[in-house]
Amino acid sequence: MADITILNLNLLYVRYFDTVERERHIPLGPLYVTSALEANGFTVDFRDYQMHEADELFSAEEVVRFLDDPSPVVGFSCMANLLPFTLLAMKRFKEAYPDRTLLLAGVGAKSVEQPILERFPWVDIVVRGEAETSAPILLGALKAGASLGDVPGISYREDGAVRHNPRPARLTDLDAILGPAYHHIDLPRYTGFGVITSRGCPYKCTFCSVA
């Protein structure tokens, strides 16, 4: 069994009355983190929900079905538009697998880590920001049963309170960042292809929580 299951829940899926517009974009963010974890000796079970076929994709039961036989630690990655669905799916997943440790990551949880951990007890840890540095430290601590106090860039509950650990230093040497773990996906099945040539964003979109 792998050390962690990473689930990409970022979807571009629009249903009109009798038609569906759907694009499958390469999940670069989670694949970068997968590379960092594997470089540190961890095994990753990567799953992209974009590839799932079902009559009703936006069903918590379908997510649980897609995540059959998961690792001890399961990370959910989503953007803001699918945060409500992701939280509901995580609740149903926790009911099915109460012994798993559930991580929430991606842009979706940005700036709302506190209320998420206060209101949704099935979310164990929120991973904030770039995770190439923090994810291997976090997974190492979880595997060893160690304190989370020294893990940068995470929010979690401890002694009845929500803790927000300081974030790690920004990644400044872009050449030192490993490329996405493309070996976990079947490239020809995707319809949207992109690259990341920098970190951060120069735009100030009003709908974005990390502008």
Side-chain angles (χ1 to χ4, degrees), residues 2 4-16 19-40 42-54 57-58 62-63 66-67 74-87 89-90 103-112 126-136 138-139 153 167-211:
I4 184 172
T5 295
I6 294 180
L7 174 67
N8 174 56
L9 270 176
N10 298 306
L11 301 175
L12 284 173
Y13 183 103
V14 180
R15 179 185 293 126
Y16 301 100
T19 60
V20 169
E21 182 178 319
R22 182 177 182 180
E23 297 179 6
R24 295 176 175 88
H25 285 242
I26 297 175
L28 291 172
L31 289 175
Y32 271 107
V33 176
T34 296
S35 286
L37 287 167
E38 291 181 335
N40 281 272
F42 298 105
T43 55
V44 180
D45 166 28
F46 184 84
R47 307 192 196 188
D48 189 354
Y49 195 64
Q50 294 181 102
M51 298 296 107
H52 188 47
E53 298 291 347
L57 273 182
F58 296 102
E62 285 298 331
V63 174
F66 187 71
L67 284 173
V74 182
F76 293 73
S77 177
C78 75
M79 299 185 74
N81 62 322
L82 286 182
L83 179 59
F85 171 65
T86 301
L87 290 168
M90 292 177 74
L103 316 179
L104 177 60
V107 179
K110 172 62 179 173
S111 301
V112 288
V126 177
V127 181
R128 309 190 319 269
E130 298 174 314
E132 284 93 342
T133 299
S134 57
L138 171 59
L139 193 52
R167 70 184 185 187
R170 287 190 179 276
L171 298 170
T172 56
D173 182 5
L174 299 186
D175 292 330
I177 301 174
L178 297 174
Y182 290 121
H183 55 280
H184 281 279
I185 63 174
D186 184 8
L187 280 170
R189 296 185 63 193
Y190 289 83
T191 54
F193 301 88
V195 295
I196 296 176
T197 59
S198 65
R199 288 299 170 100
C201 179
Y203 302 109
K204 298 180 179 180
C205 300
T206 57
F207 62 81
C208 181
S209 62
V210 294

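The structure presented is a predicted model; accordingly, all values stated were derived computationally and were not measured.
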Show the nearest heavy-atom pair for residues [X] and [Y], with the distance to one decimal.
X: R189; Y: R24; answer: O-CD, 3.8 Å
X: S198; Y: L174; answer: CA-CD1, 3.8 Å
X: L187; Y: Y182; answer: CD2-CD2, 4.2 Å
X: A36; Y: N40; answer: O-ND2, 2.8 Å
X: A131; Y: P136; answer: O-CD, 3.8 Å
X: P30; Y: N8; answer: CG-OD1, 4.0 Å

*Do other residues, nucleotides or ligands put more than 12 heavy atoms under 6.0 Å from R199 CZ?*
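Enclosed.
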*Whether F66 and H52 hold their rings parallel, tilted or perpendicular, with breakpoints at 30° and 60°*: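 Geometry flag for H52 against F66: tilted rings.
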*For the residue pair H184 and F46, categorise the inter-ring angle as parallel (less than 30°), tilted (30 to 60°) or perpendicular (more than 60°).*
tilted
*Got L67 and F76 here, is their nearest side-chain heavy-atom distance under 4.5 Å?*
yes
Expected output: side-chain [X] to main-chain [Y] donor-acceptor under 3.5 Å:
X: R22; Y: Q50; result: yes
X: S35; Y: G179; result: yes
X: Y49; Y: L57; result: yes

What's the separation between atom [atom1] in [X] and atom [atom2] in [Y], rounded to the nearest 0.5 Å?
X: K110; Y: M79; atom1: NZ; atom2: CE; result: 14.0 Å
X: L139; Y: L37; atom1: CG; atom2: CG; result: 6.0 Å
X: H183; Y: L31; atom1: NE2; atom2: CG; result: 9.0 Å

*Is there a side chain to side chain contact (heavy atoms under 4.5 Å, CB included) between I4 and L103 once you walk through the steps?*
CA-CA 10 Å; I4 184 172; L103 316 179; 4.1 Å; yes
